[in-house]
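Working notes, beginning with the structure itself.
By convention in this document, chain letters (A, B, ...) are assigned in the order of the sequence lines, proteins followed by strands, and residues within each chain are numbered from 1.
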Amino acid sequence: MTRYNFNEIEKKWQDHWEENKIFQTSENEKEKYYALEMFPYPSGKLHMGHVRNYSIGDVVARFKKMKGYNVLHPMGWDAFGLPAENAAIKHGIHPNEWTWKNLEEMRDQLKQLGISYDWDREVTTCHPDYYKWTQWIFLQFYKHGLAYKKQYPVNWCPSCETVLANEQVVGGKCERCDSVVGKKDLDQWYFKITDYADRLLEDIDKLEGWPEKVKLMQKNWIGKSVGAEVDFSIDEHEEKLKVFTTRPDTIYGVTYMVLAPEHPYVSQFTKGTKYEEEVIKFKEKLQHLSEIERTATNVEKEGLFIGKYAINPVSEKKIPIYIANYVLMDYGTGAVMAVPAHDERDFEFAKKYDLPIIPVIKGKDEEIKELKEAYVHEGVMINSDLFNGVDNKEALVKISEYLEEKGLGKKTINFRLRDWLISRQRYWGTPIPMVHCQECGVVPVPDKDLPVTLPTDVVFSGKGESPLTTSKEFVYTDCPKCGKKARRETDTMDTFVDSSWYFLRYTDANNQEEIFKKDNAKYWMGVDQYIGGVEHAILHLLYARFFTKVLYDLGYSPIEEPFDNLLTQGMVLKDGTKMSKSKGNVVSPEEIIKTYGADTARLFILFAAPPERDLEWSDTGVEGCFRFLNRVWRVVDELKDFIGDEKEIGILTKEDKDLEYMIHTTIKKVTEDIEERFNFNTAISAIMELVNEIYKYKELGENCNKPLLRQGLETMIILLSPFAPHMTEELWNNIGHERSVYENMWPTYDVNATVKDQVEMVIQINGKVRDKIEVSATATKEELEKEALSNEKISALIEGKKLIKVIVVPKKLVNIVIK
RNA sequence: GCCGAAGUGGUGGAAUUGGCAGACGCGCUGGACUCAAAAUCCAGUGAUGGCAACAUCGUGCGGGUUCGACCCCCGCCUUCGGCACCA
């Protein structure tokens, strides 16, 4: 009797895999499979979320390998970012040192988990060999007009003292430190993702292997609105005021106009008038409000008349122009035509400032009456001249056409998506490869001079501009164009840039000459299965799609969409909430591995819930999985000598047939659960059932069919191997095989063995189960009906009742309907 | 406010096409082994009534469709997630 010594076994097989390069891959003629998990930020320690993510990915990778695919399963590090810099400020340790130390620690932990990575393809975004290409991509973007600089009021975190992207402002607060975010005018680098808005939106429909939820979130984020741009002339002025509207049908109901306070016309129109002073005050007040206060929906609408009038282009009525807190400069044209009768916000505003309300749509069978609230439903046009009586949906099209004919406007599309602000006033990121020259202006660093390396002699104060400004050696350079003295750009890139293309680099991770060989990318891309947290549903996944499209357009990427299938895993919870240090409910993977081994940790995390769902941590559940593995260990240990080497199964008894049936249905179930549904929890429970069956069967002692029992044990080991890789390798050896279980093919099942000769069938009366009978699986409907009706118990129950009908579902049930 | 997902025993979760609700695991109860404990093995475990066979009820709530509904339809409730003055 040997004990399940997980420590020894796990170490032994991890070394074996590494020495024999079992999981190393190269491009070949076999069909490829690219399994990818989102690479981590090297914070230092693996948490349960990582364990879950990588365990899921490992099951997929190992399973596909056994299915005969050439599997690419790489790992790397999203190694730039703020925490490294914070550590520098707080503990005086250099970000580079801090990051590499953490990274190595985490790599060790991943190896202890026994994930089947090809470590030869490891990428690290903070390594010059990697960020050289991030910079190269930036220059490609720049050359093709997709990277530009502009001054803009950006989100400014007063605590981090840096600019934040819109995406990093959560509920008006800094994503990282929770401080209220303000505004500041700065020169910033942007990527022109809006040029790709339409394609990013359209192609979402091609992503058949993505969860609907994620696709919907991306659609909403891109936020396409179809409408019209309409020109309003201004009384006593030459200029035209452009507005964007999704409801051109309501144009006859426009009774005033509202501009964003930042709209350039506002100061122009009020300059030197009696309105000027108040307008300035109004703008100042808004500026002091944070984004959160200004945009919260429950904030009362506030506005100010600026003394000018516009002309409604269809009714030619004079309408007053206001500015208001609820109109945003960066959506549409920064100007809104207000239709109080049919828009809730406009209605509220009109009531407050006593502006006219003209209904232009009425409900089909309703009388015209004074509105108590905005009428936002469909209906028939009224007060709309030529269009009276027309259905408003129809009018929407007709009025758009009418406006276009008269040269008053045109159809347009607006997106909610903004250009991507990528510059950061930070040290620990990819330097933006640009030079500022007094003579030549902004000049890109030539490709041959890449990478622009991060200097080490910087001062970390945590304040103001990028720490890069403190390195003289870095800042002062020569202009690549004219050779005169120039300054380097000191901003670095958002770390989301680094992670927007790493999956392409894995296809040719060590290439020094080019970003990746196109043939390699062509062979491996797209990613067959991408796995990670839902928190990346919008940003990372949208940016990665954007980059792939740009690289495709420039002739580098072989595909337009990077990820064919996406699995978003749920969180790991403890006591109903997310594990976190502040709540003190963190379970450390290290501890669990130490106590129970990696196989148990992996097994539990895969067994406790299906991957997409949140997982509730349970210490007793972990123990249950440990017990199960011990149970598997013991049964093999007990039977390995007993079963012998004979392969011929021969004639089967009833008990043998039951075991054979179990073996084949389990193969079927586990295969389908992994391959089609990612239901690893039910796959594992099926294996547990097989184990229970083997325990029962072995009680037959010498009456066992030994070759069949061997088949049962081997099937059990192979099916379990993607989940508990170390132990199954050991058992595979112990049961008399020399080579790794992963050089073995995944078993197939015999369809005939999954069909039983006799099946249990339910007899129902009026839908209620009244009896169960054993019948031949091949019995006809007529035979089954006859059998059911003649059943002793049933005939007693239907005695004297009126038989309405009998429904027969072969192999399942007979339902007798009586009155 | 808008959009989306989910609600099943004491508990994590099964039920794949509308066909036996509660697989598998945890917990609990009882038994075997033991001087004893741990470990292990065996049995039981939705609720109510009954000695029992069995009966009735039961998948958030209220209706509906159907021979038959956790599953489909209508109306609610709760929880979670996303977006949030987007014109």
Side-chain angles (χ1 to χ4, degrees), chain A residues 171-172 211-221 223-225 227 243-247 250 257-258 260 294-301 324-328 330-339 343-346 348-349 414-418 534-535 537-538 570-571 573 576 603-604 607-610 612-625 627-628 630-631 634 669 672-673 676-677 679 681-689 691-692 695-696 699 760-772 804-809 811-818:
Chain A
E212 284 308 315
K213 181 188 171 175
V214 173
K215 291 199 274 186
L216 206 71
M217 278 163 75
Q218 291 218 349
K219 278 184 186 170
N220 291 340
W221 188 261
K224 181 178 182 170
S225 317
V243 300
F244 173 72
T245 179
T246 53
R247 294 291 305 275
T250 62
M257 176 132 313
V258 192
R294 183 166 163 193
T295 57
T297 35
N298 51 7
V299 165
E300 198 177 337
K301 316 240 166 314
N325 56 353
Y326 72 93
V327 176
L328 309 170
D330 57 3
Y331 184 79
T333 62
V336 176
M337 59 175 231
V339 187
D343 180 283
E344 278 164 24
R345 285 159 308 161
D346 295 344
E348 191 190 322
F349 193 84
N414 245 295
F415 292 96
R416 205 193 74 105
L417 184 73
R418 299 296 130 82
V534 229
E535 66 273 22
I538 299 173
M571 287 188 298
L573 310 177
L603 192 74
F604 167 73
F607 177 61
E612 312 82 13
R613 239 193 280 181
D614 285 351
L615 179 152
E616 176 70 30
W617 185 266
S618 152
D619 291 329
T620 51
V622 177
E623 264 178 77
C625 287
R627 274 209 291 266
F628 168 70
N630 274 286
R631 200 167 141 82
R634 277 197 311 271
K669 168 103 179 123
E672 288 172 0
D673 276 353
E676 291 163 25
R677 288 180 284 276
N679 285 355
N681 56 332
T682 49
I684 294 166
S685 67
I687 301 170
M688 288 173 170
E689 284 179 83
V691 173
N692 291 344
Y695 263 82
K696 246 183 233 158
E699 290 308 307
E760 195 188 57
M761 205 181 60
V762 165
I763 307 175
Q764 299 181 330
I765 294 176
N766 290 343
K768 283 190 174 148
V769 182
R770 286 293 119 114
D771 204 9
K772 292 172 187 182
I804 309 283
K805 62 171 156 175
V806 180
I807 287 129
V808 182
V809 184
K811 293 190 200 181
K812 292 233 164 93
L813 56 80
V814 176
N815 188 14
I816 301 161
V817 186
I818 53 167

So what does Asn815(A) touch, heavy atoms closer than 4.0 Å: a base, only the sugar-phosphate, or nothing?
base
Could you tell me how far [M] sits from [N] if I compare only their [atom1] atoms? Round to whole Å.
| N | M | atom1 | answer |
| --- | --- | --- | --- |
| C3(B) | G75(B) | P | 13 Å |
| C77(B) | G68(B) | C1' | 28 Å |
| G64(B) | C26(B) | C1' | 39 Å |
| C86(B) | C76(B) | C1' | 31 Å |

Secondary structure of RNA chain B per the Watson-Crick/G-U criterion (both distances under 3.5 Å; [ ] crossing, | other strand, . unpaired) is (((((((..(((......[....)))((((((.......))))))((((....))))..(((((..]....))))))))))))....
What nitrogen or oxygen pairs link the protein and nucleotides 27-30 of chain B at under 3.5 Å?
{"residue": "G27(B)", "atom": "OP2", "partner": "Arg627(A)", "partner atom": "NH2", "Å": "3.1"}

Within the structure, does a side-chain N or O atom of Lys696(A) lie under 4.0 Å from either OP1 or OP2 of C41(B)?
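So the side chain of Lys696(A) is outside the cut-off, no N or O lying under 4.0 Å from OP1 or OP2 of C41(B).
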Between atom CG in Asn766(A) and atom P in C67(B), what is the gap in whole Å?
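Result: 11 Å.
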Between atom NZ in Lys213(A) and atom P in C83(B), what is the gap in whole Å?
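Checked: the NZ to P distance equals 11 Å.
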5' priority, RNA chain B, between Asp614(A) and Leu216(A) [closest heavy atom]:
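Whichever sits nearer the 5' end wins; that is Leu216(A).
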Would you state whether a donor and an acceptor, one from the side chain of Lys805(A) and one from the base of C67(B), lie under 3.5 Å apart?
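Per atom types, no contact qualifies.
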